[in-house]
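Reminder, nothing fancy here: chain letters follow the sequence lines and each chain counts from 1.
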There are 2 protein chains.
Amino acid sequence: MITQKTKYALKSLMVMADEMARDGTALRIEEIAERSGAPKRFLEHILLDLKRAGFIGSRRGRKGGYELIKNPRRISIAMILRLIDGPMAPLPCLSRKAYQRCEDCKDEETCRVRAVFGGFYSAYILMIESLTLADLMEDSQPLERFSLSEVAAGE
Amino acid sequence: MITQKTKYALKSLMVMADEMARDGTALRIEEIAERSGAPKRFLEHILLDLKRAGFIGSRRGRKGGYELIKNPRRISIAMILRLIDGPMAPLPCLSRKAYQRCEDCKDEETCRVRAVFGGFYSAYILMIESLTLADLMEDSQPLERFSLSEVAAGE
DNA sequence: AAAAACTTGATTAACATGGTCGATTCTAGC
DNA sequence: GCTAGAATCGACCATGTTAATCAAGTTTTT
């Protein structure tokens, strides 16, 4: 499950990208909240995170607001997921950034659970790292670029 | 992240499948705990769940224990994940079994977040439903059966 | 009858999630 | 330089989940 917070983050980014494509005026937090469906007070934290990470910029006071400062093609879905939700790995022992040994695991090298979920994970990473905010905004099916074909393993 | 509980469940099933392949005697909960690395008291609950779902059988009293009663080829990883962790969908609005409308979503049909994660999810489902306990126990890379190829979208 | 082992339900501590609130700091415009 | 409007910051809180542990059963075999 991706968290509600991440969903709000993605939707807010879409709103700001939309505005950026149109004219470029900064949006008040309240307007972003309305257009993305996120509660205003909660959205504050999210926008702060996005700002600290360099995706958006802000101006305070009158005429203030938030605006996208990064090219939507340069913002991958994976970046946002990692920023808001934290590590994406299905097992702690599979995370590069937040590696942790599994207490219950005798030998990591031969752990079958690890091997199998590692397989899933690398396929997932491959897809989600290549998908960008720009893809999220286009109408097409962004995963069409990938084809997942099952190869009969001569059984 | 898959939960620790699910990991214990998978490992316990592997232990029992291993024993089944060898001779077929029921294993005491304590032995399963040792061999899988799970705490005994916690494992009790897990084995109960697996039993109620019909994967394993139990005998009480002296000479009692648990044993696998289903063909490992007929037990998909997805079944176990769903049983222990619950629904696997990345968004509540994508789950078949536990569907829930997203409050913040104006129109589900055109929601881009939903469309994109729906794409991931169906690829994931395809893989995890076809992977079985038997695959988990073999030494090969079970996901070799799938090939994930990136198709350049003539850009 | 007693021992071994499964079964059940209650309880727990720690953490994550999804918020809310109040106070503060900055900035444009009068 | 005052003030209204806006972002910023930090603390707080309610609820639920996770990963266990424990006590007290019940059932079966020897």
Side-chain angles (χ1 to χ4, degrees), chain A residues 1-12 16 25-34 36-53 55-67 69 81 83-88 90-92 98 100 102-104, chain B residues 1-12 16 25-34 36-53 55-67 69 81 83-88 90-92 98 100 102-104:
Chain A
M1 282 272 183
I2 75 170
T3 61
Q4 190 66 25
K5 197 173 173 188
T6 293
K7 216 199 317 178
Y8 289 151
L10 290 173
K11 289 195 175 184
S12 305
M16 288 181 277
T25 163
L27 290 172
R28 278 173 306 115
I29 200 168
E30 186 145 9
E31 185 156 0
I32 302 176
E34 265 169 41
S36 69
K40 186 188 154 198
R41 282 330 267 280
F42 192 37
L43 190 56
E44 289 177 6
H45 296 289
I46 297 169
L47 294 179
L48 254 298
D49 285 344
L50 291 174
K51 186 199 164 179
R52 280 193 272 256
F55 297 111
I56 63 180
S58 68
R59 245 205 335 273
R60 298 218 229 193
R62 262 208 179 103
K63 292 242 157 194
Y66 288 96
E67 62 191 336
I69 57 174
L81 256 65
L83 178 68
I84 310 287
D85 273 1
M88 306 185 294
L91 297 172
Q100 249 185 306
C102 302
E103 274 315 310
D104 58 295
Chain B
M1 280 276 183
I2 75 171
T3 61
Q4 191 66 24
K5 197 173 174 188
T6 292
K7 216 200 315 177
Y8 290 151
L10 290 173
K11 288 194 176 183
S12 305
M16 287 181 277
T25 163
L27 290 171
R28 278 174 305 115
I29 201 168
E30 186 145 11
E31 184 156 1
I32 302 177
E34 263 170 42
S36 69
K40 185 190 156 198
R41 289 324 270 278
F42 192 37
L43 190 55
E44 290 176 3
H45 296 287
I46 297 169
L47 295 180
L48 252 299
D49 286 343
L50 291 173
K51 187 199 164 178
R52 278 194 273 256
F55 296 111
I56 63 180
S58 68
R59 244 202 340 269
R60 297 213 214 189
R62 269 215 173 94
K63 290 242 159 192
Y66 288 94
E67 64 190 336
I69 57 174
L81 256 65
L83 178 67
I84 310 287
D85 272 1
M88 306 185 294
L91 297 172
Q100 248 185 305
C102 302
E103 274 316 309
D104 59 296

S.K.: Show which side-chain atoms of residues 1-10 of chain A pair as donor or acceptor with protein atoms under 3.5 Å away, not counting sequence neighbours.
M.R.:
unit_1, atom_1, unit_2, atom_2, d
T3(A), OG1, T6(A), N, 3.2
T3(A), OG1, T6(A), OG1, 3.3
T3(A), OG1, D85(A), OD1, 2.4
Q4(A), NE2, Y8(A), OH, 3.2
Q4(A), NE2, D104(B), OD1, 3.0
T6(A), OG1, D85(A), OD1, 2.7
T6(A), OG1, D85(A), OD2, 3.4
K7(A), NZ, D104(B), OD1, 3.4

S.K.: Would you compute the distance between atom CD1 of I32(A) and atom CG of L47(A) and round it to the nearest 0.5 angstrom?
M.R.: 5.0 Å
S.K.: Describe the nucleic acid contact of R28(B) in one word from base, sugar-phosphate, nothing, applying a heavy-atom distance below 4.0 Å.
M.R.: sugar-phosphate
S.K.: Can you name the side-chain contact (heavy atoms from CB on, under 4.5 Å) partners of R62(A), sequence neighbours left out?
M.R.: none
S.K.: Name the residue closer to the 5' end of DNA chain D, choosing between G65(A) and I2(B) according to the nucleotide with the nearest heavy atom.
M.R.: G65(A)
S.K.: Check S12(B) against S36(B) and note the closest heavy-atom contact, atom names and distance.
M.R.: OG-OG, 3.9 Å
S.K.: Would you please name every residue forming a side-chain contact (heavy atoms from CB on, under 4.5 Å) with E31(B), sequence neighbours left out?
M.R.: L27(B), R28(B), R35(B)
S.K.: Between R62(A) and R41(A), which has a closest nucleotide on DNA chain C that is more 5'?
M.R.: R41(A)
S.K.: With nearest nucleotide decided by heavy atoms, which residue, R60(B) or I84(B), maps closer to the 5′ end of DNA chain D?
M.R.: I84(B)
S.K.: Going by side-chain hydrogen bond (donor to acceptor under 3.5 Å, both in side chains), name the pairs with one or both residues in residues 39-53 of chain B, residues two or more places apart or in two chains.
M.R.: R41(B)-E44(B), K51(B)-S58(B)
S.K.: On DNA chain D, reading 5' to 3', which nucleotide is the first and which the last to sit with an atom under 4.0 Å from a heavy atom of chain A, could you check?
M.R.: dG5(D) to dA11(D)
S.K.: Considering only heavy atoms from C-beta outward, does the side chain of Y66(B) approach that of L50(B) to under 4.5 Å?
M.R.: no
S.K.: Using chain B heavy atoms and a threshold of under 4.0 Å, write down where along DNA chain C the contacts begin and end, 5' to 3'.
M.R.: dA3(C) to dA10(C)
S.K.: Looking at R59(B) and A26(B), what are the two nearest heavy atoms and their distance?
M.R.: NH2-CB, 4.2 Å
S.K.: Check each residue of residues 44-52 of chain B for a non-hydrogen atom within less than 4.0 Å of any atom in DNA chain C, then write out the ones that pass by number, or none.
M.R.: E44(B), H45(B), L48(B), K51(B), R52(B)
S.K.: 5'-most contact on DNA chain C: K63(A) or T6(A), nearest heavy atom basis?
M.R.: T6(A)
